Asks: 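Quick one: this structure, given as C-alpha cells, is what I'll be asking you about.
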2 protein chains.
Amino acid sequence: MTTPILIANYEELLRKAGFRITRPRKIILTILTESEDHPDAIELFRRASSIDKSISLSTVYRTMKMLEEIGVIHRHAFDGGPARFEQASDSHHDHLIDIETGDVIEFHSEKIEELQEEIARALGYDIVHHRLELYGRKRAPKKGAR
Amino acid sequence: MTTPILIANYEELLRKAGFRITRPRKIILTILTESEDHPDAIELFRRASSIDKSISLSTVYRTMKMLEEIGVIHRHAFDGGPARFEQASDSHHDHLIDIETGDVIEFHSEKIEELQEEIARALGYDIVHHRLELYGRKRAPKKGAR
DNA sequence: CTCTTTATTGCAAATAATTTGCAATTGCAT
DNA sequence: ATGCAATTGCAAATTATTTGCAATAAAGAG
C-alpha cells in the first residue's frame, strides 16, 4: 500500500542532513520501515528493545523528533492520545480510526483536498498542513445480507 | 457567529443529567459562554480565578470532563498541544488554525462532510465523530492588488 | 588502523498536562 | 434547619515527553 523505502536511502538522507548513522538509529529506522501500523514511542521502544536491549526510551523520542524534522516520519495525536508515528510516504493520506480497536486505516480524497484549499483560500489563508481524522466503528452488516 | 446559549439553559442541562449546580460550575460555564476563543485548562483556570480565587485547577479539569460527557463542550488538541475547549454550538464546524498567531477560525463545508461519509461507508465504517483541522498562514496579498 | 573530536547515548531527574485519593465542604431534598 | 451524597481543594500520583550530564561511539585525519 505504502511505497516501501529502503533503509539505505534513509541513511543517505540522515548523512546529507548532517547526522551520524548510529546503531540505535539504524534499528529504529528498520522498525519503522517494517511497521505497517502507527506505533507510539513506547511501542517503538519495545520493538527496538527486542533487537537491542540497551536502547533507551529517550533515544526513541530524540530520534523521532529528528526524523520528523527532516521529514522522514509523520507524527499523529489521535484523539489527544500519545504521539503515534509512521514513515512519511511519497503520497499524502488521511486516517480513519476504528474507535473500538484503535486500528488505523489510511485513505485519500483528492476532492476533499481541493475543497480544503478552496476554503482556506476563501478565508485568506495558504494551507501549510492539515489533519483529517475520521473516528468510526465498523458498520453493522445490513440485515438480510450474508 | 456561534449561537449564544444562556447559562440558565446549561444549569437546566446539568440538572437533568443529575449534576449539582455549584459555584465553581456556574463560574466556569459563564466563562465558557462568554469566551469567543478556544482556551485551554490553565487559561480557563486563570479566568475563573479572577472571579473566585478559591477555584482549583482540578475542578476546571473535572468540570471540563463532565461538560464534555454531557455534550456541552468540545475538546480539541491542535497540533498535539494541551486540550483546548469551546462550547458545543448547535452547528458543527471545523477549524483553521493560524500557525503564526494560534488564532482559530471556524468553518463548515457540507460538501466535505458528505465526502467523509462516503469514504467511511466505502471502507465499511460509520463515522462517530471526526476532526478536520487546516493549519495555515495568512496569504500574502497578490502583488498588484490593493 | 589508531587518534581525536564532537555527536549521540543511557540514565536519572525535570517538566508539562492531566488525573486521583481523601478529608473537608456544600448543594439540595426533606 | 438537617442529613447525606456529590463536589471541592489540595497534594500526591500518572502519563507523555524532554533535558542535563558523564560516558560512549561515529567519522574524518593521519
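Note that the structure is predicted; figures quoted are calculated from it, not measured. Just so we're on the same page: letters track the sequence lines, and every chain starts at 1. Keep in mind that the numbers below use all heavy atoms, side chains included, and drop hydrogens, waters and symmetry copies.
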Asks: Flag the pair B/R84 and B/D79 as a salt bridge only when some basic side-chain nitrogen lies within less than 4.0 angstrom of an acidic carboxylate oxygen.
Replies: no

Asks: Using a heavy-atom cut-off of under 4.0 Å over every strand shown, decide if A/T22 touches base, sugar-phosphate, or nothing.
Replies: sugar-phosphate

Asks: Please state how far atom CD in A/E69 lies from atom P in C/dT8, giving the value in whole angstrom units.
Replies: 11 Å

Asks: Could you state the atom-to-atom distance from CZ of B/F45 to P of C/dA17 in whole Å?
Replies: 14 Å

Asks: Can you tell me whether the side chain of A/R62 and the base of C/dG10 have a donor-acceptor pair closer than 3.5 Å?
Replies: yes

Asks: To the nearest Å, give me how far apart CD (B/E11) and P (C/dC28) are.
Replies: 9 Å

Asks: With a 4.0 Å cutoff (strictly under), does any side-chain N or O of A/Y61 reach OP1 or OP2 of D/dT17?
Replies: yes

Asks: If you assign B/R23 and B/P82 each to the DNA chain C nucleotide with the nearest heavy atom, which residue ends up on the more 5' nucleotide?
Replies: B/P82

Asks: In this structure, how many angstroms lie between the P atom of C/dG27 and the CG atom of B/L14, rounded?
Replies: 14 Å

Asks: With the side chain of B/L57 defined as its heavy atoms from C-beta on, choose the nearest nucleotide among D/dA27, D/dT19, C/dT18.
Replies: C/dT18

Asks: Please determine, for the side chain of B/I42, which listed nucleotide (D/dT7, C/dA17, C/dC11) has the closest atom?
Replies: C/dA17

Asks: Angle between ring planes, B/Y135 versus A/H129, binned at 30° and 60°: parallel, tilted or perpendicular?
Replies: parallel

Asks: For A/R25 and D/dA27, give me the distance from atom CZ to atom P, rounded to whole Å.
Replies: 9 Å

Asks: If you assign each of A/F19 and B/K65 to its closest nucleotide in DNA chain C, which residue comes earlier from the 5' end?
Replies: A/F19

Asks: Please determine whether residues B/L44 and B/F78 belong to a single hydrophobic cluster, defined as Ile, Leu, Val, Met, Phe, Trp and Tyr linked transitively by side-chain heavy-atom distances below 4.5 Å.
Replies: no

Asks: Can you tell which of A/K26, A/R15, A/Q87 makes a side chain to side chain donor-acceptor pair (under 3.5 Å) with A/Y10?
Replies: A/Q87

Asks: With respect to the phosphate group of C/dG10, does any side-chain polar atom (N or O) of A/T59 fall under 4.0 Å of OP1 or OP2?
Replies: yes

Asks: Indicate the atoms forming the closest heavy-atom contact of B/H108 with B/H93, along with that distance.
Replies: ND1-CA, 4.3 Å

Asks: Can you tell me how far C1' of D/dA25 sits from CD1 of A/I55, to the nearest Å?
Replies: 14 Å

Asks: So B/R15, base contact, sugar-phosphate only, or nothing? Heavy-atom distance under 4.0 Å.
Replies: sugar-phosphate

Asks: Do any side-chain nitrogens or oxygens of B/R20 fall under 4.0 Å of OP1 or OP2 in C/dT26?
Replies: no

